[in-house]
Amino acid sequence: MNTVLLNDHALDYDITGSGPTTFLLLSGWCQDHRLFDQLLPYLTGRHRVIRADWRGHGVERSVQRDFGYAEQADDVIALLDHLGVTEVVPVSTSHGGWANLELADRLGPTRVPKVAVIDWLQLEAPEAFIQDLRTIQDERTWIRGRENLFDLWRAMADCPPVDKHLDQEMAFFDFDMWARSCRVIEAAYTHWGSPLRRMSALTTPRPIAHLYSQPDDPTYHQALADFATEHPWYSPIHLGGRTHFPTLETPRVVAEHLDVFVV
């Protein structure tokens, strides 16, 4: 990984592959570029791919001040400017989607003509989910809350890459980052209502693909299909996987859909 100092923070990134489309891969909170290790080989033969770690998520884990998805967008835009990237398709996972839409809105459709989000809860947050977020914001209960999440994700399927990601990557972020992530995510749902409403509020709509495996629920599938009918620029694509981590479980399928999306 390369490191550059932007907005008073060290940001780690790498660039691989070549092609007419530049993908920018952005993880969720308390994750890093390794989330895309399985996906990268399927993309770099046809596309230029940038992986970027959020501030406090790379080699340097300390941060000088609190931040949220607006500051994450600040950093990514500064990195794109630093690299001279004039057109990009950002691809985010989970709640990295809030910053993804923020940077897309700011840069406009000329520079960000399309957006992809992966396995991001698209509807209003259930009360149980909000309670889980609050459990992790409390230093007395955060470990239990995080382990409850890990247990939930593990129970979806026996997937060694997911186990490795949880145990050797996500588990090594500290309380401050986990609490910050849950605070920012809760605030985003409170402010916007849902990711679908945030998408509807884009200043200039553009094609958005949502690639997801979970939740695999008919009601959820129908809600996304109904939104797509009302908003033709939105494309929900059910991947058929059994975990919350498509880039680790079904990377070839994810890459195939991204290939089609940017044609």
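In this chain, residues are counted from 1 in sequence order.
Taking OG1 of Thr93 as the start and CZ of Phe36 as the end, the distance is 4.5 Å to the nearest 0.5 Å. We find the NE2-SG distance between His95 and Cys30 to be 11.5 Å, quoted to the nearest 0.5 Å. Here the CZ-CZ distance, from Phe129 to Arg134, works out to 11.5 Å after rounding to the nearest 0.5 Å. For the atom pair Glu127 CD and Asp132 CG, the distance stands at 10.0 Å (nearest 0.5 Å). To the nearest 0.5 Å, the span separating CD1 on Ile50 from CG on Leu25 amounts to 9.0 Å. Atoms CZ and CZ, from Arg140 and Phe175 in turn, are 10.0 Å apart once rounded to the nearest 0.5 Å.
Looking at heavy atoms from C-beta onward, Ser213 lies in side-chain contact with Asp119 at the 4.5 angstrom threshold. Considering only heavy atoms from C-beta on, Gln72 stays 4.5 Å or farther from Val184 through its side chain. Counting only heavy atoms from C-beta outward, the side chains of Glu71 and His9 never approach each other to under 4.5 Å. Considering only heavy atoms from C-beta on, Leu5 stays 4.5 Å or farther from Glu60 through its side chain. Looking only at side-chain heavy atoms (C-beta outward), Leu202 and Ile208 come within less than 4.5 Å of each other. By the 4.5 Å heavy-atom criterion applied to side chains, His191 and Arg198 are not counted as neighbours. Side chains of Met170 and Leu149 form no contact here, defined as non-hydrogen atoms less than 4.5 Å apart. Within the 4.5 Å cutoff, side-chain heavy atoms of Ile130 are placed close to those of Leu133.
Linking Ile, Leu, Val, Met, Phe, Trp and Tyr residues whenever their side-chain heavy atoms come within less than 4.5 Å leaves Val262 and Val260 in two separate clusters. Taken together through direct or relayed side-chain contacts under 4.5 Å among Ile, Leu, Val, Met, Phe, Trp and Tyr, Leu107 and Trp233 form part of one hydrophobic cluster. In the hydrophobic cluster analysis, where Ile, Leu, Val, Met, Phe, Trp and Tyr join through side-chain heavy atoms closer than 4.5 angstrom, Ile143 is grouped together with Phe150. Linking ILVMFWY residues whenever their side-chain heavy atoms come closer than 4.5 Å, directly or via other members, leaves Tyr42 and Leu24 in distinct clusters. No path of Ile, Leu, Val, Met, Phe, Trp and Tyr side chains, each step under 4.5 Å between heavy atoms, connects Val63 with Phe172, placing them in separate hydrophobic clusters.
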Between Trp192 and Leu101, is a side chain to side chain contact (heavy atoms under 4.5 Å, CB included) present by the stated rule, with each step listed? CA-CA 12 Å; Trp192 292 106; Leu101 294 182; over 6 Å; no
Quick one: do Asp12 and Asp32 satisfy side chain to side chain contact (heavy atoms under 4.5 Å, CB included)? Show the steps, please. CA-CA 10 Å; Asp12 295 346; Asp32 60 31; over 6 Å; no
Which is it for His82 and Leu11 under the side chain to side chain contact (heavy atoms under 4.5 Å, CB included) test, yes or no, and what are the steps along the way? CA-CA 11 Å; His82 171 76; Leu11 300 179; over 6 Å; no
One pair to check against salt bridge (charged side-chain N to carboxylate O under 4.0 Å, His left out): Arg46 and Asp259. What are the steps and the verdict? CA-CA 8 Å; Arg46 297 175 299 279; Asp259 285 341; 2.7 Å; yes
Give the intermediate values and the outcome of side chain to side chain contact (heavy atoms under 4.5 Å, CB included) for residues Gln137 and Trp142. CA-CA 6 Å; Gln137 293 176 60; Trp142 83 280; over 6 Å; no
Please report the C-alpha distance between Asp74 and Arg106 in whole Å, then the side-chain angles of each, then the deciding distance to 0.1 Å, and finally whether the salt bridge (charged side-chain N to carboxylate O under 4.0 Å, His left out) criterion is met. CA-CA 10 Å; Asp74 290 341; Arg106 291 195 215 167; 2.4 Å; yes
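Ring orientation note: the planes of His210 and Tyr234 are close to parallel, at an angle under 30° on the 30°/60° scale. Ring-plane geometry between His244 and Trp153 is classed as parallel, the angle between the planes falling under 30 degrees on a 0 to 90 degree scale with a further cut at 60.
In this structure, Ala228 and Pro236 approach most closely via the heavy-atom pair CB-CD, 3.7 Å. Across all their heavy atoms, Thr141 and Thr135 have their closest contact at OG1-O, 2.7 Å. Residue Leu123 comes nearest to Pro195 through the heavy atom pair O-CD, 4.0 Å, listed as atom of the first residue, atom of the second, then distance. When all heavy atoms of Leu211 and Ala209 are compared, the closest pair comes out as CD1-CB, 3.7 Å. Closest heavy-atom contact between Leu196 and Phe227: O-CZ, 3.5 Å. Listed here is the closest heavy atom pair of Asp53 and Gly58: OD2-CA, 3.7 Å.
We find that Asp81 and Arg111 are joined by a salt bridge, their nearest charged nitrogen and carboxylate oxygen being less than 4.0 Å apart.
Side chain to side chain, Thr203 and Asp105 meet the donor-acceptor criterion of an N or O pair below 3.5 Å. Judged by distance alone, the side chains of His165 and Gln31 do bring a donor and an acceptor atom under 3.5 Å apart.
Of the possible donor and acceptor atoms, one in the side chain of Arg51 sits under 3.5 Å from a partner among the backbone N and O of His33. The closest donor-acceptor contact from the side chain of Gln214 to the backbone of Phe245 lies at 3.5 Å or more, if one exists at all. Without hydrogens or angle criteria, Asp163 side chain to Leu166 main chain gives no donor-acceptor distance under 3.5 Å. The main-chain N or O of Leu224 is never found under 3.5 Å from a side-chain atom of Gln122 such that the two would form a donor-acceptor pair. A donor-acceptor pair under 3.5 Å is formed between the side chain of Arg206 and the backbone N or O of Val112.
Trp29 has its ring centre no less than 6.0 Å from the ring centre of Trp54. Less than 6.0 angstrom separates the ring centroid of Phe173 from the ring centroid of His57.
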Tabulate below the donor-acceptor pairs under 3.5 Å that side-chain atoms of residues 83-92 make, not counting sequence neighbours, or state none.
unit_1: Ser92; atom_1: OG; unit_2: Asn100; atom_2: ND2; d: 2.8

